[in-house]
Protein chains: 2
Amino acid sequence: MTNSIEQKIIHHVLDAIADQKLHAGTKLGEQELVGVFSCSRAQIRRALAMLTGYGVIDLIPNKGAFVSTPSERESRHVFEARRAIEATICKNTVQNAKSPEIARLRAHLVEENAVTAQTSRAEVLRLSRRFHMILAEIGQNDVLGQYLEELTLRSSLILGCYGTQRSSLCATGEHEKIVEAIEGGDADLAAALLDHHLSHLENDVDFSARRGSATALASILDVAT
Amino acid sequence: MTNSIEQKIIHHVLDAIADQKLHAGTKLGEQELVGVFSCSRAQIRRALAMLTGYGVIDLIPNKGAFVSTPSERESRHVFEARRAIEATICKNTVQNAKSPEIARLRAHLVEENAVTAQTSRAEVLRLSRRFHMILAEIGQNDVLGQYLEELTLRSSLILGCYGTQRSSLCATGEHEKIVEAIEGGDADLAAALLDHHLSHLENDVDFSARRGSATALASILDVAT
DNA sequence: CATACAAAAATTGTTCACAATCTATGTACA
DNA sequence: TGTACATAGATTGTGAACAATTTTTGTATG
């Protein structure tokens, strides 16, 4: 069970979802993927089967693989799960944050602050997401880290479907405050700020108007009925 | 991508792990599985690929599929993740627990109390695990429920490897106290009791003597070196 | 007796062709 | 015009044959 090519496929698909290049409802045709990755169909099928576990790809019998379209219910569950998991991660982060870890966080904030109007949306998304993953890495719980990776992926999908403004990207100011709390060793404050930050994210979604399941053509042509 | 047979395979493998019939390190040969489920090898391979996501099966290239042997580090992460996740689940459970839900919990406790010396170990394990899953169902967060399912599975593996006594099975008395707290509407107490309960589980493992990676033959023949 | 090497068996990985199913297009009819 | 049906095309599902790798077994040698 060779891992290299399948892992590569998985990685690329996941990255595309995180960057919102692949949006909800998109079909991932086997033939198409064979062309992109220039490999056999069997390998594509294995990769798709493995992708199931991340909760962002649905396999529908005789139809194919589709990027998941999260429901409102599911979205709320995802955000609640993030609050539960990131709270514990945050406590661990504070506990493990010595000067090298603090330096790493500060370096990341510098990157986030360097974002300009010219920066691609994908890059901004990647930075926002990365902040949370760095906290998880410093927290050192691999299981929670893996779950958070899945949840941030699903968050990208949700914000891609229902996000209202570009504030859906994590506000850098909030990240900064969290780092300060971590640096100050105040675990409770850091956790509270993080919880608040996640609430902001969740409040930015508007389930009344989903642009997720819209056909690519319809949204591109922008035809008013 | 037909789901039925693959799902059946996945379900059976997962159940066997939960019941500790399949223990850590066991190889799941493709041919062997073909014989058991009387299906084609392609379906077995798909099922194994999907099983990867549950964190209890490792796929090693050119070697095959093996039931994971959790490390000490990983085990601690699993228990910490359970505390994080079940705390939130517990709060939701208290919030959603009306009389039908309470009745369901009580009915389960009756089942657990009916356990005798003749009851099979697998059955006892299933009941213990089921209690936590019922809490998750009442809590109604599907994402957390899915994660808890994985984590209880991994817990079975851990206890199978490093568990010291049969107290590794959830003490029924503790389940009972938790239900009482839920019935009383005291979310904080229920969460605290659950956290305590999980600590008991974790304290029952002894990492110095692993019987997990022991060869099947060696443990069966019980040869003293 | 232990080790090293070589052949054989078993297991996993890969590819291909064919079957089954779904989707889309076109045509007939009310 | 619009609906229903039938055909054609495309896509997914399945199985078997073949290649590559690993594991086991057997043998020879120090």
Side-chain angles (χ1 to χ4, degrees), chain A residues 1-13 22 24-54 56-69 213-218 220-221 223 225, chain B residues 1-13 16 22 24-54 56-69 213-221 223 225:
Chain A
M1 310 192 169
T2 179
N3 253 339
S4 66
I5 186 67
E6 282 89 343
Q7 289 301 333
K8 181 182 168 189
I9 298 169
I10 290 173
H11 189 263
H12 275 251
V13 170
L22 269 179
T26 305
K27 173 167 184 177
L28 301 175
E30 298 186 359
Q31 204 82 313
E32 189 186 352
L33 291 172
V34 165
V36 173
F37 293 99
S38 53
C39 62
S40 76
R41 248 186 63 195
Q43 293 169 317
I44 294 292
R45 296 184 123 244
R46 272 180 68 77
L48 289 176
M50 293 192 197
L51 275 168
T52 297
Y54 289 86
V56 288
I57 298 288
D58 294 328
L59 259 51
I60 303 176
N62 291 317
K63 295 260 193 159
F66 299 84
V67 179
S68 302
T69 302
S213 59
T215 311
L217 264 186
I220 290 171
L221 299 180
V223 184
T225 57
Chain B
M1 312 195 169
T2 175
N3 253 339
S4 65
I5 186 67
E6 281 89 342
Q7 289 302 331
K8 181 183 169 189
I9 297 169
I10 291 173
H11 189 263
H12 276 250
V13 170
L22 269 179
T26 306
K27 174 168 183 177
L28 301 175
E30 298 185 358
Q31 203 83 313
E32 189 187 351
L33 292 171
V34 165
V36 173
F37 293 100
S38 53
C39 61
S40 77
R41 248 188 39 172
Q43 293 168 316
I44 295 291
R45 298 185 120 244
R46 271 180 70 76
L48 289 176
M50 293 192 196
L51 275 168
T52 296
Y54 288 86
V56 289
I57 299 287
D58 295 328
L59 259 51
I60 302 177
N62 290 318
K63 295 261 193 157
F66 299 83
V67 178
S68 302
T69 301
S213 58
T215 310
L217 262 185
S219 64
I220 290 171
L221 299 180
V223 184
T225 56

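Below, all heavy atoms of this structure are taken into account, side chains as well, without hydrogens, waters or symmetry copies. Here is the naming used below: chain letters follow the sequence lines, and residue numbers restart at 1 for every chain.
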Give a yes/no answer on whether the side chain of B:Lys27 brings an N or O atom under 4.0 Å of OP1 or OP2 in C:dT12.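 Answer is yes, contact under 4.0 Å.
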
Give a yes/no answer on whether the side chain of B:Ser40 brings an N or O atom under 4.0 Å of OP1 or OP2 in D:dG15.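 Result: yes.
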
Min side-chain heavy-atom separation B:His12-B:Phe37 under 4.5 Å: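 Result yes, sub-4.5 Å side-chain heavy-atom pair found.
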
So, for [X] and [Y], which heavy atoms are closest and what is the spacing to 0.1 Å?
| X | Y | value |
| --- | --- | --- |
| B:Leu59 | B:Ala65 | CD1-CB, 3.8 Å |
| A:Ala49 | B:Ala49 | CB-CB, 4.0 Å |
| B:Thr69 | B:Gly25 | OG1-N, 3.5 Å |

Assess the residue pair A:Ile9 and A:Leu33 against the criterion (side-chain contact (heavy atoms from CB on, under 4.5 Å)); give the C-alpha distance rounded to whole Å, side-chain angles, the decisive distance to 0.1 Å, and a yes or no. CA-CA 9 Å; A:Ile9 298 169; A:Leu33 291 172; 5.6 Å; no

Side chain of B:Arg45 - closest among C:dT12, D:dT12, C:dT15: C:dT12

Considering only nitrogen or oxygen atoms on both sides, find all protein atoms under 3.5 Å from nucleotides 21-23 of chain C and state each distance.
| unit_1 | atom_1 | unit_2 | atom_2 | d |
| --- | --- | --- | --- | --- |
| C:dT23 | OP1 | A:Lys63 | NZ | 2.6 |

Atom CZ in B:Arg46, atom OG1 in A:Thr52: separation rounded to 0.5 Å?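 So the CZ of B:Arg46 and the OG1 of A:Thr52 are separated by 7.5 Å.
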
Rounded to whole angstroms, how far apart are CD1 on A:Ile44 and C1' on D:dT11?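 Roughly 14 Å, once rounded to whole Å.
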
Please give, in whole Å, the distance from C:dC16 P to A:Gln31 CD? 12 Å

